[in-house]
Amino acid sequence: MSYWLVNSEPEEYSFADLVAEKVGCWDGVRNYQARNNLRAMKMDDLVFFYHSRQGLESVGLAKVVGEAYPDPTAKKGDWSAVDLAPLRLLKKPVSLKAIKAESALQDIALAKNPRLSVMPISEEAFAVIMEMAEETTA
DNA sequence: GCCAACGTTGGC
DNA sequence: GCCAACGTTGGC
């Protein structure tokens with residue numbers, strides 16, 4: 001089992017959109033690193049859904065329900081897409097600021113390179129973020 | 001809206 | 001194959 005974080009501008013494709021669709025096709029990735037990460041996703045891997053540009057926070061949890069296949073939106077080139085299904089909203093969104101402020105998360109890709117739209121998250125980091133998202137007391 | 005960082009492309 | 005320039009993206 002692996003863990004991932006994907007980010008999207010909410011005005012383009014938000015977690016709410018994914019919830020509405022039940023199963024969303026994660027396509028349009030045009031970055032080799034991100035693509036390689038997509039291809040490494042396995043069925044049932046867990047994925048944080050992060051809103052970039054607006055919100056700047058991880059708002060929901062999704063899982064992989066379809067492994068990498070050729071991106072239907074790619075006219076040319078060798079690109080991939082995966083299918084994601086929403087699991088649930090996080091009780092408390094985890095902001096980029098909070099992630100950067102958390103010493104245990106200094107090394108995650110989001111803090112270093114927010115431009116990468118699909119990135120792996122270590123099991124430890126996943127657990128830390130989960131804890132931040134679920135704690136009810138500030 | 002502006003500035004900075006990263007990735008990609010083109011020239012040498 | 002390496003280096004520089006340009007364009008795009010994301011955070012503030």
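Here is the naming used below: chain letters follow the sequence lines, and residue numbers restart at 1 for every chain. The figures here come from the full heavy-atom set of this structure, side chains too, leaving out hydrogens, waters and symmetry mates.
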>> I'd like to know if the side chain of A:Arg35 pairs up with that of A:Ser80 as donor and acceptor (distance under 3.5 Å, no hydrogens or angles considered).
In response: no

Heavy-atom nearest nucleotide on DNA chain B taken for A:Arg53 and for A:Gln33; more 5' hit belongs to A:Arg53

Please list, pair by pair, any protein nitrogen or oxygen found under 3.5 Å from a nitrogen or oxygen in nucleotides 2-8 of chain C.
unit_1: C:dT8; atom_1: O2; unit_2: A:Arg115; atom_2: NH2; d: 2.8

Separation of B:dG1 atom P from A:Gln54 atom CD, nearest Å, is 13 Å

Heavy-atom nearest pair, A:Val59 first then A:Pro93, reads CG1-CB, 4.4 Å

When rounded to the nearest 0.5 Å, the distance separating CG of A:Asn37 from OG of A:Ser2 is 10.0 Å

Check: Within less than 4.0 Å of OP1 or OP2 of C:dG11, is there a side-chain N or O belonging to A:Tyr50?
Finding: yes

* To do: Would you classify A:Lys97 as touching base, sugar-phosphate or nothing, given that sugar-phosphate means primed atoms plus P, OP1 and OP2, and contacts are heavy atoms under 4.0 Å?
  => nothing

**A:Ala16 backbone acceptor or donor facing A:Ser14 side chain under 3.5 Å** = yes

- Task: Remember a base hit wins even if backbone is also touched, and classify A:Leu56 as base, sugar-phosphate or nothing at under 4.0 Å, heavy atoms.
- Result: sugar-phosphate

Separation of C:dG11 atom C1' from A:Lys112 atom NZ, nearest Å, is 18 Å

Fill in: A:Tyr3 versus A:Glu124, side-chain donor and acceptor atoms under 3.5 Å
no

Under 3.5 Å, is there a donor-acceptor pair between the A:Gln54 and A:Glu11 side chains?
-> yes

